[in-house]
Protein chains: 2
Amino acid sequence: MAENLKADQKTQLALDLGHAMHELRMLIRHFIQTKIKEHNIDITFEMLEVMSVLWKRDGRNQQEIADLTLRDKSSMTYLIDNLVKRKLVKRVEDEKDRRNKLIFLTEDGNRVKEQLYPWVTEEYIKATATLRLEDLQSSVNVLKEMIDNLKKVEV
Amino acid sequence: MAENLKADQKTQLALDLGHAMHELRMLIRHFIQTKIKEHNIDITFEMLEVMSVLWKRDGRNQQEIADLTLRDKSSMTYLIDNLVKRKLVKRVEDEKDRRNKLIFLTEDGNRVKEQLYPWVTEEYIKATATLRLEDLQSSVNVLKEMIDNLKKVEV
DNA sequence: TAAAAATGGTTTGAATTTAAACTATTAAGT
DNA sequence: ACTTAATAGTTTAAATTCAAACCATTTTTA
């Protein structure tokens, strides 16, 4: 009985956690979208997530970017198409493995980093201003443990 | 300097947290979708999120459901349309305030709860199996504090 | 080495999303 | 009461999502 009660409490907490996670993500998305709109920049939050991965290192293939941004590879085809149209990235066929299309930033793509990147982190800085590093770290650990638990079970 | 370093670390942790949050949500979504598909049920994860809110209490208006499920009210029009088509809910105009459309579960809508609701919690139980209640609680607190910080700033 | 399996990308189709403009209704302020 | 503001819902348009089926290209394996 005591065990069941505890399990219920944990489930409820996990549901709360899920809701809070989603809310947090939507808040940040909304903030970034507003910033982008205010400055009349022709890019979406989703494209920005792809750009963020490339700013760290470009020349990745589409599947790799899809994995990093937690998207289906077919969404990635579409998103990269849109970024190519806006001349922010270019596709280059991999000579060593012709299945791969490597994605590189253009000059424009590098340039917008200076403008957009600060906004991406600004919100996170605000969000964590009142928090202690250790508490943040342990929250990350908790979420990662939950992810591990789910992945283990699925095998 | 030490302060800057700490801020950078916190930002990085917050980014990690954001990523973990999203990954967790996608894992759970994928699990539920698979379950639904296996049992040939004509419903989507998004519709299920709406149903979850109604199982707690129905007779809410669309805006209220939109707020609870963190969606735009126009998405809600669409989702409710699809749930009405499947005869899982019905729209009833509020007599006291004719702007409101109150959403009620049908018999079918109540019936599928027995089948679907356990799946919604099953994943959360698995995810949190190895975790302590206190750690889960403090993670929820951290996320809620982040949400508060963002909402405060936006005013 | 030939067949089978795995991998990367695209296409397709249906569902969903947001933002913005819009209508209808109610509430508030003067 | 009258005008204005706020609220609920719908519509529209464009972007995005996932899943599944599909091609092309490697890699594995028998």
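Atoms considered below: every heavy atom in the structure, side chains included; atoms not considered: hydrogens, waters and symmetry mates. Letters A, B, ... are given to chains in the order of the sequence lines, protein chains preceding strands, and every chain is numbered from 1.
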Tell me whether [X] shares a hydrophobic cluster with [Y], the cluster being built from Ile, Leu, Val, Met, Phe, Trp, Tyr side chains joined at under 4.5 Å.
{"X": "A:Trp119", "Y": "A:Leu48", "answer": "yes"}
{"X": "B:Ile125", "Y": "B:Val120", "answer": "no"}
{"X": "B:Leu79", "Y": "B:Leu70", "answer": "no"}
{"X": "B:Ile41", "Y": "B:Phe45", "answer": "yes"}

Practice item. Five pairs at each end of the helix from C:dT1-D:dA30 to C:dT30-D:dA1: take the axis at both ends and give me the angle between them to 10°. Key: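 The end axes of the helix from C:dT1-D:dA30 to C:dT30-D:dA1 are about 30° apart, to the nearest 10°.
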Can you tell me which nucleotide in [options] comes closest to the side chain of [X]?
{"X": "A:Lys37", "options": "C:dA20, C:dT11, D:dA8", "result": "C:dA20"}
{"X": "A:Gln62", "options": "D:dG9, C:dG9, C:dG8", "result": "C:dG9"}
{"X": "A:Asp97", "options": "D:dA8, C:dG9, D:dT26", "result": "D:dT26"}

In whole Å, I'd like the distance from the [atom1] atom of [X] to the [atom2] atom of [N].
{"X": "B:Phe31", "N": "D:dC18", "atom1": "CZ", "atom2": "P", "result": "19 Å"}
{"X": "A:Leu83", "N": "C:dG9", "atom1": "CG", "atom2": "C1'", "result": "16 Å"}
{"X": "B:Ile103", "N": "D:dG9", "atom1": "CD1", "atom2": "C1'", "result": "10 Å"}
{"X": "B:Lys73", "N": "C:dC22", "atom1": "NZ", "atom2": "C1'", "result": "10 Å"}
{"X": "A:Asp67", "N": "C:dG9", "atom1": "CG", "atom2": "P", "result": "10 Å"}
{"X": "B:Ile36", "N": "C:dT16", "atom1": "CD1", "atom2": "P", "result": "11 Å"}
{"X": "A:Asp94", "N": "C:dT7", "atom1": "CG", "atom2": "C1'", "result": "13 Å"}

Check your understanding: Is it true that the side chains of B:Glu145 and B:Asn141 contain a donor and an acceptor less than 3.5 Å apart?
Key ->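 Short answer, no.
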May I have the list of side-chain donor-acceptor pairs in residues 16-28 of chain B shorter than 3.5 Å, sequence neighbours left out?
unit_1	atom_1	unit_2	atom_2	d
B:Asp16	OD1	B:Gln12	NE2	3.2
B:His19	NE2	A:Leu68	O	2.9
B:His22	ND1	A:Arg25	NH1	3.2
B:Glu23	OE2	A:Lys151	NZ	2.8
B:Arg25	NH1	A:His22	ND1	3.3
B:Arg25	NH1	B:Glu49	OE2	3.3
B:Arg25	NH2	B:Glu49	OE2	3.3

Review point. Yes or no on side chain to side chain contact (heavy atoms under 4.5 Å, CB included) for A:Glu38 and A:Thr34, after CA distance, side-chain angles and deciding distance?
Key: CA-CA 6 Å; A:Glu38 275 172 11; A:Thr34 304; 3.8 Å; yes
Taking only the side-chain nitrogens and oxygens of [X], find out if one of them lies under 4.0 Å from OP1 or OP2 of [N].
{"X": "B:Arg99", "N": "C:dA24", "answer": "no"}
{"X": "B:Arg98", "N": "D:dT7", "answer": "no"}
{"X": "B:Lys101", "N": "D:dT10", "answer": "yes"}

Review point. Would one find more than 12 heavy atoms of other residues, nucleotides or ligands at under 6.0 Å from atom NZ of B:Lys144?
Key: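 Counting other residues, nucleotides and ligands, NZ of B:Lys144 stays at 12 neighbours or fewer.
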Review point. Is it true that atom OH of A:Tyr117 has more than 12 heavy atoms of other residues, nucleotides or ligands lying nearer than 6.0 Å?
Key: no
**Study point:** Whichever of A:Glu64 and B:Glu95 has its nearest DNA chain C nucleotide further upstream toward 5'
**Key:** A:Glu64
Exercise for review: Scan nucleotides 12-17 of chain D nucleotide by nucleotide, 5' to 3', and note B when protein non-hydrogen atoms come under 4.0 Å of the base, S if they reach only the sugar-phosphate, - if neither.
Suggested key: ---SBS
